[in-house]
Amino acid sequence: QEEGERRVCCICTDTRRRGLMCSNEHFLCAGCTMSHIGSEKQQLFKLRDFDGHGDCLNCPFVCGARPFTEGALRLALPERTFEREYCSLQRMIREWHEMQQQDNDGVRAGTDRIRTHRDYILEFILTLKCPQPQCRTAFIDFSGCASIDCFLCNACFCAFCLELQGHTHNAAFGHALRCDFNPNQGDGFPSQEMFEAVHAERKTLAVIDYIYSRVEPEEREEIRQWCLDMSGQQWLSDLT
């Protein structure tokens, strides 16, 4: 889709220049394209199924259009976003096909389950993301303000609980001042150390919950050790 031409997104109905259009002229803005990629990842993890074709991505309207090409996706998404999100989806699809083949052969190995668990923890627990369902863009940098604005969809949310507050910076900032997860109530400019400590605790609890609810007992120690090794952060030592 040419950036100079404005079109209405068929999902969110916003008018955007940058986006993705299938051969049946369903247009997705960059944010909804990200959401579609994210939903494919969720399908892979939760349902062990997906509606892609090979290592490509189909139109979410299941309209029979040709799969989106890699070139079209590169134009639709910011370069860093494409490299991070779409390339990781391709890798996950290839792994999914490998596991399906192993299932068909009756020889699926425990290492495949370990890999799936590690990918889920990294993608959906350890990576901080915009809470807007139509976006879910990962963010790394923290500016020091308790109200975070998503660079892609402009959603505003609390830096502590990541609760969405629409598209109003002041609303998100006001929420953050009184947020239950704010260690210093009334302080809207937490230090980097405080921000990391808040999310370290959240991640620890989420990882523990995942390990004991989704991982087989005989595989838990390997997953726990991987969490320790891959991060090297002190908070992961609580995973006992």
Side-chain angles (χ1 to χ4, degrees), residues 1-104 111-112 115-141 150-155 230:
Q1 174 65 28
E2 294 296 330
E3 287 197 40
E5 183 180 357
R6 298 181 70 88
R7 287 183 173 270
V8 176
C9 176
C10 292
I11 296 179
C12 69
T13 71
D14 285 348
T15 302
R16 293 285 186 268
R17 288 192 176 90
R18 189 170 201 166
L20 190 66
M21 187 164 64
C22 78
S23 56
N24 287 333
E25 299 193 351
H26 289 122
F27 177 71
L28 282 67
C29 68
C32 289
T33 298
M34 282 288 301
S35 178
H36 182 39
I37 292 174
S39 70
E40 290 295 275
K41 290 180 179 179
Q42 291 281 5
Q43 290 283 85
L44 283 163
F45 280 123
K46 294 185 177 180
L47 304 181
R48 311 305 303 154
D49 194 10
F50 75 106
D51 63 4
H53 176 76
D55 60 353
C56 299
L57 196 69
N58 277 341
C59 175
F61 290 94
V62 195
C63 62
R66 295 185 299 275
F68 297 122
T69 65
E70 180 176 314
L73 284 157
R74 282 187 180 275
L75 291 175
L77 299 171
E79 183 177 354
R80 290 178 59 187
T81 301
F82 173 85
E83 295 294 339
R84 181 183 64 241
E85 300 293 339
Y86 180 66
C87 291
S88 70
L89 173 63
Q90 286 184 310
R91 174 178 55 80
M92 290 160 57
I93 289 174
R94 287 194 296 271
E95 292 176 356
W96 183 89
H97 278 302
E98 291 171 2
M99 288 189 288
Q100 285 298 103
Q101 184 60 50
Q102 290 171 348
D103 281 342
N104 293 337
T111 53
D112 296 307
R115 181 172 54 190
T116 298
H117 290 313
R118 292 188 312 195
D119 282 347
Y120 186 94
I121 290 171
L122 182 61
E123 180 71 24
F124 297 107
I125 298 179
L126 301 186
T127 302
L128 298 179
K129 296 188 176 187
C130 169
Q132 173 65 259
Q134 288 77 32
C135 181
R136 301 298 293 163
T137 298
F139 69 92
I140 301 174
D141 298 329
C150 177
F151 77 93
L152 187 62
C153 72
N154 297 318
M230 61 82 60

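Reckoned from all heavy atoms, side chains included, excluding hydrogens, waters and symmetry mates. Keep in mind that this is a model prediction, so the values were computed, not measured.
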Q: Indicate yes or no for a side-chain donor-acceptor contact from R6 to the backbone of R17 under 3.5 Å, with no hydrogens or angles considered.
A: no
**Q.** T127 side-chain N/O to L122 backbone N/O, donor-acceptor pair under 3.5 Å
**A.** yes
Q.
Within this structure, what is the CE-OG1 distance for the pair M21 and T33, rounded to the nearest 0.5 Å?
A. 12.0 Å
Q. So L77 and I37, side chain to side chain contact (heavy atoms under 4.5 Å, CB included) or not? Walk me through it.
A. CA-CA 11 Å; L77 299 171; I37 292 174; 3.9 Å; yes
(Q) If I compare all heavy atoms of K129 with all of A138, which pair ends up nearest, and what's the gap? (A) CG-CA, 3.9 Å
Q: Ignoring hydrogens and angles, tell me if any N or O in the side chain of R136 forms a donor-acceptor pair with the backbone of C130 under 3.5 Å.
A: yes
Show me, pair by pair, the donor-acceptor contacts under 3.5 angstrom made by side chains of residues 24-31, not counting sequence neighbours?
unit_1	atom_1	unit_2	atom_2	d
N24	ND2	C63	O	3.1

Q) Does a side-chain heavy-atom distance below 4.5 Å link F68 with N58? A) no
Q) From D14 CG over to C32 SG, what is the distance, rounded to the nearest 0.5 angstrom? A) 7.5 Å
(Q) Quick check: do M34 and C135 have side-chain heavy atoms less than 4.5 Å from each other? (A) no
Q. What closest approach, in Å, do I11 and P60 show between heavy atoms, and which atom pair accounts for it?
A. CD1-CG, 4.3 Å
Q: Of all the heavy-atom pairs spanning F61 and C10, show the shortest one and how long it is.
A: CZ-CB, 3.6 Å
(Q) Rounded at 0.5 Å granularity, tell me how far CZ in R7 sits from CD in E5. (A) 4.5 Å
Q: State whether R118 and E123 are salt-bridged, where the test is any N-O pair (Lys NZ or Arg NE/NH1/NH2 against Asp/Glu carboxylate O) under 4.0 Å.
A: no
Q) What closest approach, in Å, do T13 and V8 show between heavy atoms, and which atom pair accounts for it? A) O-CG1, 3.5 Å
Q. From T116 OG1 over to I121 CD1, what is the distance, rounded to the nearest 0.5 angstrom?
A. 11.0 Å
Q: Quick one: list whatever passes salt bridge (Lys or Arg N to Asp or Glu O under 4.0 Å) with R74, sequence neighbours left out.
A: E70, E83
Q. Can you tell me how far the CZ atom of R18 sits from the SG atom of C9, to the nearest 0.5 Å?
A. 14.5 Å
